[in-house]
Amino acid sequence: MKQDPASPKAGMVYLVGSGPGALDLLTLRAARLIGEADAIVYDHLIPDGVLDLARPDAQRIYVGKETSNHTVPQEELNLLLVRLAREGLTVVRLKGGDPFVFGRGGEELETLQEHGVRFAVVPGVTAAAGCASHAGIPLTHRDHAQTVTFATGHLKDGTINLDWPALARPNQTVVFYMGIGGIDEICRQMIAHGLPPTHPAAIVQNGTTPRQRVLTGNLASLPGKAHAAKVTSPALIIVGSVVGLQGKLAWFGETLADAAA
Ligand code: SAH
């Protein structure tokens with residue numbers, strides 16, 4: 001059944017990006033909508049303190065989503081949003097980073113569209129932008145990278161089946177989201193497809209937050225470093241010669257540099 005968008009009771013879902021971790025990287029629009037919402041449906045990767053911006057009487061619904069441990073199955077979650085909107089509520093569906101970058105935002109909107117629920121999307125600072133800026137690793141640089149690629153190191157079926165020849169091309173930066181569990185495989189494949197083992201690579205964990213850690217090294221050294229430093233999610237892997245600039249441009253948080261690199 002389609003809702004009548006003109007009806008004052010018609011609900012609305014805002015798919016809102018909450019940025020990579022630091023609360024003040026939230027957009028003004030996101031902050032306003034969070035403050036107005038009747039219900040906030042949120043994941044685990046949202047900035048500390050963001051829910052304090054919500055009305056005290058707003059419903060807060062956690063649908064946490066860690067890679068292998070989905071608290072609420074995606075189909076159920078999609079229908080939850082439909083149900084809340086049908087109650088006439090203004091719903092903020094809050095996601096980490098940007099909702100259209102590895103956030104399944106598209107899948108959630110398709111269900112809303114099928115059910116005739118009105119929606120809007122608010123972009124957020126994606127983890128690649130937040131981590132790169134706060135690690136001092138420019139994603140592009142005229143001397144290093146003319147292309148930047150965002151890839152996921154975690155596919156629906158648990159494999160990493162990426163276009164390795166394309167990812168291993170020179171003069172580009174590749175940012176792997178959700179790649180920490182697969183770091184050995186990622187670095188191995190990048191070398192197998194033509195990049196030298198000495199090609200610079202870094203990990204940024206908890207980027208933009210006071211817990212940020214940056215590990216720099218190269219394709220050969222980074223996996224061992226990641227295991228030794230017990231890197232856990234959320235973390236990004238950045239591969240490219242731009243990582244070499246980090247020593248000069250780092251301005252925030254802690255860096256574990258690779259003496260051998
Ligand atoms: N929509 C989000 C990404 C969701 S996928 C965005 O645009 O940023 C979740 C992955 O994002 C994590 O596994 C991790 O790889 C990355 N990520 C999110 N926040 C991060 C942070 N603060 N530091 C490092 N990586 C982060």
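Only this structure's heavy atoms are used, side chains among them; waters, hydrogens and symmetry mates stay out. Atoms within each ligand, like the ligands themselves, are counted from 1 in listed order.
Close contacts of ligand 1 with Ala127, meaning ligand atoms under 4.0 Å from a residue heavy atom, involve 6 (C), 7 (O), 8 (O), 16 (C), 17 (N), 18 (C), 19 (N), 20 (C), 26 (C). Atoms of ligand 1 lying under 4.0 Å from at least one heavy atom of Leu236, given by number and element, are 15 (O), 16 (C), 24 (C), 25 (N). For ligand 1, the atoms sitting less than 4.0 Å from at least one non-hydrogen atom of Tyr177 are 3 (C), 6 (C), 8 (O), 11 (O), 15 (O), 16 (C), numbered in the order shown with element in parentheses. In summary, the atoms of ligand 1 found under 4.0 Å from a heavy atom of Gly207, numbered by their order in the structure, are 21 (C), 22 (N), 23 (N), 24 (C). For ligand 1 and Thr126, the ligand atoms under 4.0 Å from any heavy atom of the residue are 6 (C), 7 (O), 8 (O). Interface of Pro20 with ligand 1, defined as ligand atoms under 4.0 Å from a residue heavy atom, comprises 19 (N), 21 (C), 22 (N). Listed by number with element, the atoms of ligand 1 under 4.0 angstrom from any heavy atom of Val204 are 24 (C). Here is the list of ligand 1 atoms found below 4.0 Å of a heavy atom in Ser233: 13 (O).
In this model, a donor atom of one side chain and an acceptor atom of the other lie less than 3.5 Å apart for His227 and Asp184.
Considering backbone and side-chain atoms alike, Ala235 places an N or O below 3.5 Å from some N or O of ligand 1. Not a single N or O atom of Gly21, backbone or side chain, sits closer than 3.5 Å to an N or O atom of ligand 1. Between Phe102 and ligand 1, not a single N/O pair is under 3.5 Å apart. Not a single N or O atom of Gly179, backbone or side chain, sits closer than 3.5 Å to an N or O atom of ligand 1.
Between Val50 and Leu23, some side-chain heavy-atom pair lies under the 4.5 Å cut-off. Leu15 has its side chain out of reach of Phe119: every pair of non-hydrogen atoms, C-beta onward, lies at least 4.5 Å apart. Two residues are said to be in side-chain contact when any heavy atoms from C-beta on lie closer than 4.5 Å; Gln59 and Leu89 meet this criterion.
Each of Ile183, Leu167, Ile203, Leu236 was checked for a side-chain contact (heavy atoms from CB on, under 4.5 Å) with Phe176, and the lone residue meeting it is Leu167. A side-chain contact (heavy atoms from CB on, under 4.5 Å) with Pro20 is found for exactly one of Leu25, Val204, Asn206, namely Leu25.
Scored by the side-chain hydrogen bond (donor to acceptor under 3.5 Å, both in side chains) test, Thr90 finds no partners at all (sequence neighbours excluded).
When all heavy atoms are compared, the tightest approach of Ile186 to Gly179 is CD1-O, 3.7 Å.
Looking at Cys131 against ligand 1, only its side chain comes within 4.0 Å, counting heavy atoms. By the criterion of a heavy-atom distance under 4.0 Å, the backbone of Asn206, and not its side chain, is placed next to ligand 1.
Taking a cutoff of 4.0 Å between a charged side-chain nitrogen and a carboxylate oxygen, Arg211 and Asp48 qualify as a salt bridge.
Residue contacts with ligand 1 leave out Thr208, since none of its heavy atoms falls under 4.0 Å from the ligand.
Atom CZ of Arg93 sits about 10.5 Å away from atom CG of Leu112, to the nearest 0.5 Å.
Compare Asp43, Thr209, Val101, Thr152 by their heavy atoms: the one nearest to atom 3 (C) of ligand 1 is in Val101.
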